[in-house]
Amino acid sequence: DTGSAAAIPINEVDIAYVTPVTVGTPPQTLMLDLDTGSSDLWVFSSLTPSSQVRGQDIYTPANSSTSKLLNGHTWSIRYGDGSGSRGTVYLDTLAVGGLEVKSQAVQTAQEVSSSFTQEQSLDGLMGLGFSTLNTVRPSSQLTFFDNARPSLDEEVFTADLKYHATGSYDFGFVDRAKYTGNISYTAVTESPGYWTHSLSGYAVGSGAFQTTRLSGISDTGTTLLYLPTAVVTAYYRQVQGAQNSQYYGGYVFPCSSSLPTFTFGIEEARFTIPASYINYTRISPTSTTCYGGLQSSSGLGINIFGDVALKAAFVVFSGTNPPRIGFAHK
Ligand SMILES: Cc1c(C=O)c(-c2nnc3c4c(C[n+]5cc6c(C)n(C)c(C)c6c(Cl)n5)n(C)c(C)c4cnn23)c(C)n1C
């Protein structure tokens, strides 16, 4: 089996991407953020207090003939930006891009933090991390990818996220039409449940490539690219008027400044992030100060290769044993 679905940016700066997912019988369509940095599949639902729902589509288990309450099971998750949600669990049929799983744990939110309520175009998340990270208790549940594995033609899913455009997620196959050249693979460690791997180094603009292994997680659910302070200061040193603002919580610069590209290595391969991806957004609609798409990971305890980096490549998440991750040009 295979599946293929769109990855649609939810706003004009690609702050997150959503993918149509059908749940239940008859199918209820929700727009979920496929997130390789977590492993819970949770949705706005008929159990979410109406005061916390503002325009989202909801999943109503009572309207699905195939829904089954997973008795006595609850979940609670906290994300890197401080947002969170919690609730109960149903099992139901769920499909992404024509790929169906019969008995997927669908975590129904009974409480969501305000940042989720405020984001009307996001109806929940589909975690595509390793199932060890799943927060359902007393027994943890499998991700959609882990449930689909036995029926997949190939134990992979791929992410083709695009800059200011709709990309795609494919399950069970690597679409030769979506990339050029070869795929450069590197080892993944499942600790502690993220797609953790290393970069072989980096370069700022046309500068020399710095060979240094940088460990981090490829996380489709994180907007920006977070790297060590040494790397980030080397980058913004090349940007007129850039400063690390306590007020804005990161590197900002005059929107008129010209930015260098940023290149990262996957083993011998090199991927260059265009300057436009790093000139992320104005700090407010009328401001002439812009916020960088490359920020420091100090304080996070981990480097995060978020969408700013991932959209510069075609990425293969391979669930083989041992797992590996591949990057190709597109
Ligand atoms: C350690 C870490 C992160 C780890 O991942 C992280 C981060 N970066 N994007 C996101 C997240 C997103 C993507 N995302 C980011 C958004 C921002 C910054 N804003 C203002 C809005 C409205 C957003 C939406 Cl709707 N969506 N989502 C949906 C979730 C649940 C995230 C959780 N964390 N997160 C940050 C900012 N930090 C410091």
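Throughout, numbering of the chain's residues begins at 1 and tracks the sequence. Note that ligands are numbered from 1 as they come in the structure, with each ligand's atoms numbered from 1 the same way.
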- Between Y235 and Y251, is the gap from one ring center to the other below 6.0 Å? no

- Message: Can you tell me how the ring of F116 sits relative to the ring of Y79, calling it parallel under 30°, perpendicular over 60° and tilted otherwise?
- Response: perpendicular

- Message: Below a 4.0 angstrom heavy-atom separation, can you tell me which part of L224, side chain or backbone, both or neither, approaches ligand 1?
- Response: neither

- Which of parallel (below 30°), tilted (30 to 60°) and perpendicular (above 60°) describes Y163 and Y277? parallel

- Nearest heavy atom to atom 33 (N) of ligand 1 wins, so pick from D81, L125, L122, I217. D81

- Heavy-atom gap G37 to ligand 1 smaller than 4.0 Å: no

- Note on the structure: Atoms of ligand 1 under 4.0 Å from any heavy atom of T223, numbered from 1 in the order shown, are 8 (N), 9 (N), 13 (C), 14 (N), 15 (C)

- atom 37 (N) of ligand 1 - nearest protein heavy atom and its distance: G80 O, 3.8 Å

- Message: Just checking H329 against Y179, ring centres under 6.0 Å apart?
- Response: no

- N or O contact, T222 vs ligand 1, cut-off under 3.5 Å: yes

- Proximity of Y280 and Y291 rings by center, below 6.0 Å: no

- A student checking ligand 1 against F116 at a 4.0 Å heavy-atom cut-off should list atoms 30 (C)

- Partner of D92 by side chain to side chain donor-acceptor pair (under 3.5 Å), out of S64, S103, S67: S64

- Task: Please state which part of D33 comes within less than 4.0 Å of ligand 1, counting heavy atoms only: side chain, backbone, both or neither.
- Result: side chain

- Over 12 foreign heavy atoms within 6.0 Å of CD, E267: yes

- Task: Output yes when R149 and E154 qualify as a salt bridge under the 4.0 Å nitrogen-oxygen rule, no when they do not.
- Result: no

- Task: Name the option, out of I15, T281, V13, I77, that contains the heavy atom nearest to atom 24 (C) of ligand 1.
- Result: I15

- Is the F327-H197 ring centre distance short of 6.0 angstrom? yes

- Indicate, as side chain, backbone, both or neither, the part of I304 found under 4.0 angstrom from ligand 1 when only non-hydrogen atoms are considered. side chain

- Task: Give the numbers and elements of all ligand 1 atoms closer than 4.0 Å to a heavy atom of I10.
- Result: 25 (Cl)

- Message: Between W195 and F130, is the ring centroid distance below 6.0 Å?
- Response: yes

- For ligand 1, is any non-hydrogen atom under 4.0 Å from L300's backbone (N, CA, C, O), its side chain (CB onward), both, or neither? side chain

- Item | For E119, the ligand 1 atoms whose distance to one of its heavy atoms is below 4.0 Å | 22 (C), 25 (Cl)

- Query: Which of the listed options, S83, A16, G221, G84, holds the heavy atom that is closest to atom 12 (C) of ligand 1?
  - Reply: G221

- Report, in ascending order of atom number, the atoms of ligand 1 lying under 4.0 Å from any heavy atom of Y79. 30 (C), 32 (C)

- Heavy-atom contacts with Y226 under 4.0 Å: which atoms of ligand 1 show up? List them by number with element. 35 (C), 36 (C)

